[in-house]
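Below you'll find the structure, written out as structure tokens, and then a few comments.
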Number of protein chains: 2
Amino acid sequence: MTDQVIAGVDLSRLRELNSLTVVRALRDQPPTTVTELAALTGLSRPAVDVIAQGLVGSGWAKVVEPGASSTVGRPARRYRFNATAGHVLGVDVGGHKILALIADLDGNVVHTARRSIGADADPGERLAALDEIIATALREAGKTAHDIWAVTVGVTGPVDATGRTTLFTPLPGWQTVDLAAHLKDRFACPIVVENDCKLAALAERWLGVARDADDIVFLLAGMRMGAGLIIDGTLRRGYGGAAGEIGALKALRWLAAPGHLQNCPGVPASVSPDDAAAWVFNAARDGNRDARTALNRYVKDVALGAAALVLALDPQVVVFGGGFSRSADLVLEPLSRELAKLCLRVPEVRASTLGADSVALGALRLALIEVDQRLFSVGLSAPVAPRR
Amino acid sequence: MTDQVIAGVDLSRLRELNSLTVVRALRDQPPTTVTELAALTGLSRPAVDVIAQGLVGSGWAKVVEPGASSTVGRPARRYRFNATAGHVLGVDVGGHKILALIADLDGNVVHTARRSIGADADPGERLAALDEIIATALREAGKTAHDIWAVTVGVTGPVDATGRTTLFTPLPGWQTVDLAAHLKDRFACPIVVENDCKLAALAERWLGVARDADDIVFLLAGMRMGAGLIIDGTLRRGYGGAAGEIGALKALRWLAAPGHLQNCPGVPASVSPDDAAAWVFNAARDGNRDARTALNRYVKDVALGAAALVLALDPQVVVFGGGFSRSADLVLEPLSRELAKLCLRVPEVRASTLGADSVALGALRLALIEVDQRLFSVGLSAPVAPRR
DNA sequence: CCAATATTGCTATGGAGTTTACGAAGTACG
DNA sequence: CGTACTTCGTAAACTCCATAGCAATATTGG
């Protein structure tokens, strides 16, 4: 079918493959003995031994000398994956705030930097704030740009293959911004720009409430509605990066959905438009009749778009996330009920637990996936760090 | 992440991997010399030589002795993939007909058997007809059930993991039929039952109009509307096998769409309900005003559901297939126009060329994929045929 | 202190691929 | 018609990798 190069396996490549296998096993395990690794990989003990020592030499693994052993026999030396060999950076450029996380190769967050920014900030201000917060995060974490092996930035609006949001974005003036190009001067590593909903979906499967599922429809519910799709365990972007943008279909009323909350009668004039939804949720909890009506209408509209996604993809789980997920207690049950009415096979509906950090966490996850892919295609030989 | 066995590569496994690489190269190529294979796989000439001879010994390849050579130097022996080592069976169990195809491992159809059946036939009759046509096809092709390495059957309605259509099916009484179990007595090989739209989508990517695309929304348009989704080059079924069933959402009006054609004013009483649509298409071509109105309404309704799928998945191509694709000349342009109005990023719209055979061809394709997967996981050693 | 047990390190063995080399089989050309 | 040239087929030597088995070593328990 394809005419691309079909890779025959050379003997040196064999060793590399087995090294990668050991790395993979090491990474998913607490510090491990050679014998355990041998059992895990199916390789012989001597082979694993040689490989493990090689990995220590090249920095991928560290030796843990045996301490007080609890078993009989000679205590075994243990090896652990050297997660601090490299780090990744994940950033969420939101309307109101910028959040940057730095994590090691295991995904442990080692530093967090947050800054709020006006929703009407122009692209120049926003980029300057981004640069500043990245610089701050690196400095405070004691890292330089060369310690970072991959960068992912989340923005609102569909992102195309080049990392631009030309189709549409709610950030003022952002249509013409080429964020990847902007960051390319600061980092030598791969830089990925991705849609915020898609990143949040990744986070939810990584650390959140959908860890067990391979087919997930993630709903980012806030003043804007969005969705991220994970199918067969992989984030799907679509051909032009616009997968999940079901809100564009007016018949499904996603655009209008948050309006029911914002324009709910009875919201005091003292409450700012941004906080109206929170007020309505609280009022609904207290039994306010207008608030309950608004909530009902909101859920019905959300369910309609969600049903379209569910019918299209037949996921195992629908995750209700985003800013409004704090009020999931009010939404989950009626949303589930509406979906049951509209869909053929009804998926589970769960509430997100990651809250406001989900986009930045998802950015970390995507950066780690990027490192992984290069690791398992390029190989261990070259350090995975800079491209040039 | 996973705790499953992580495969280390043994030396014998290495040889197997390289054998598989050579098989793969051989399969996509006209009869090939050892030197060419070596260049293609990156292996050395002696290594490929040994492997090729081994493949001939185990029946996977055949030798083509050199004939009149056109180049200088000693003419090379050529090897070709032995596509007739095994065969696959693909069947389309439709409302009005049953179509069975037998193909070799290259996908060349070696036999076709077709039979029409009443739309109201009960499950017993339908299964009997299926058995008969399979027996006929095997007999006339000079094969037995043991020559078949994989069977796929296409039916209407969403198919779950066990091969049953418990959610919904338009075939009378079919809800309780366990087709896979029925066929298990007749074949020792893997048997897959799959939804007809999904199979037609596969066919369109294999031999049809979407060979170049990895992200495809396939529309099966006929008296019933359905869809099959190919994302990142792979057919996606959804968690419960119900992906693409967007027609269940009444707001998107797929259920009603064919009705515009069937109930078009002006259709002569002499035309049977099944042929009404064809009459309307013809009348529209002749400029009949009522027919054009019906067609417009039909296209608008089709476009609405299609737009939901397009927005959800952002495909490269939308393929208009199924029985009505014969009249694609009337549909394509307005459908494309409607989609442009409704979608963010507008995909190409193409008309299917495979016609009524697409489901059976897709069944063949899925059977071949099944053989492939077993080949590349289980390996060459065991003949891929019977499971027990 | 000694026996039991498990790990570590070492050496011999065998399989697979590569390199090198040479005979074989055909073409091109004087 | 014969020689030079090209390419193929195959064998031998070599390298690399993983395995198997054994000796050495470190720890626990009696």
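Atoms considered below: every heavy atom in the structure, side chains included; atoms not considered: hydrogens, waters and symmetry mates. We name chains A, B, ... by the order of the sequence lines, and we start the count at 1 in each one.
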Whole angstrom value for the distance that separates P of D:dA18 from CG of A:Leu37: 14 Å

Sugar-phosphate, base or nothing in reach of B:Thr35, heavy atoms under 4.0 Å: sugar-phosphate

Chi angles and distances behind the salt bridge (Lys or Arg N to Asp or Glu O under 4.0 Å) call for A:Asp232, B:Arg236: CA-CA 8 Å; A:Asp232 285 348; B:Arg236 305 294 167 174; 2.6 Å; yes

B:Asn18 side chain near C:dA16 phosphate (N/O to OP1/OP2, under 4.0 Å): no

B:Asp372/B:Arg27 salt bridge by N-O under 4.0 Å criterion: yes

Rounded distance (Å) that lies between atom P of C:dA16 and atom CG of A:Leu17: 17 Å

Heavy-atom closest contact (B:Leu26 atom, B:Tyr79 atom, distance): CD1-O, 3.8 Å

For the student: nearest non-hydrogen atoms of A:Leu14 and A:Val9, plus distance: N-CG1, 4.2 Å

Carboxylate-amine/guanidinium proximity below 4.0 Å for B:Arg237 and B:Glu194: yes

Nearest-nucleotide 5' precedence on DNA chain C, B:Leu14 against B:Pro46: B:Leu14

Pair B:Arg78 + B:Glu36: basic N to acidic O under 4.0 Å: yes

Separation of C:dG14 C1' from B:Arg13 CZ (nearest whole Å): 20 Å

Touch class at under 4.0 angstrom, heavy-atom based, for A:Arg77 against every strand present: sugar-phosphate

Closest non-hydrogen atom pair, A:Gly208 against A:Thr353: CA-OG1, 4.2 Å

Parallel, tilted or perpendicular: rings of B:Trp149 and B:Trp60 (30°, 60°): perpendicular

Closest to side chain of B:Arg45, choosing from C:dA16, D:dA11, D:dC8: D:dC8

Six-ring centre of B:Phe376, B:Arg24 cation under 6.0 angstrom, axis tolerance 45°: yes

Bend angle of the helix from C:dC1-D:dG30 to C:dG30-D:dC1, end axes from five pairs each (to 10°): 10°

Per A:Arg15 side chain, nearest of listed nucleotides D:dC17, C:dG17, C:dT20: D:dC17

Contact residues, residues 47-54 of chain B to DNA chain D [heavy atom, < 4.0 Å]: B:Asp49, B:Gln53

Of the listed nucleotides C:dG26, C:dG14, C:dT20, the one nearest the side chain of B:Pro75: C:dG26

Among D:dT19, D:dC8, C:dG17, the one nearest B:Ala76 by side-chain distance: D:dC8

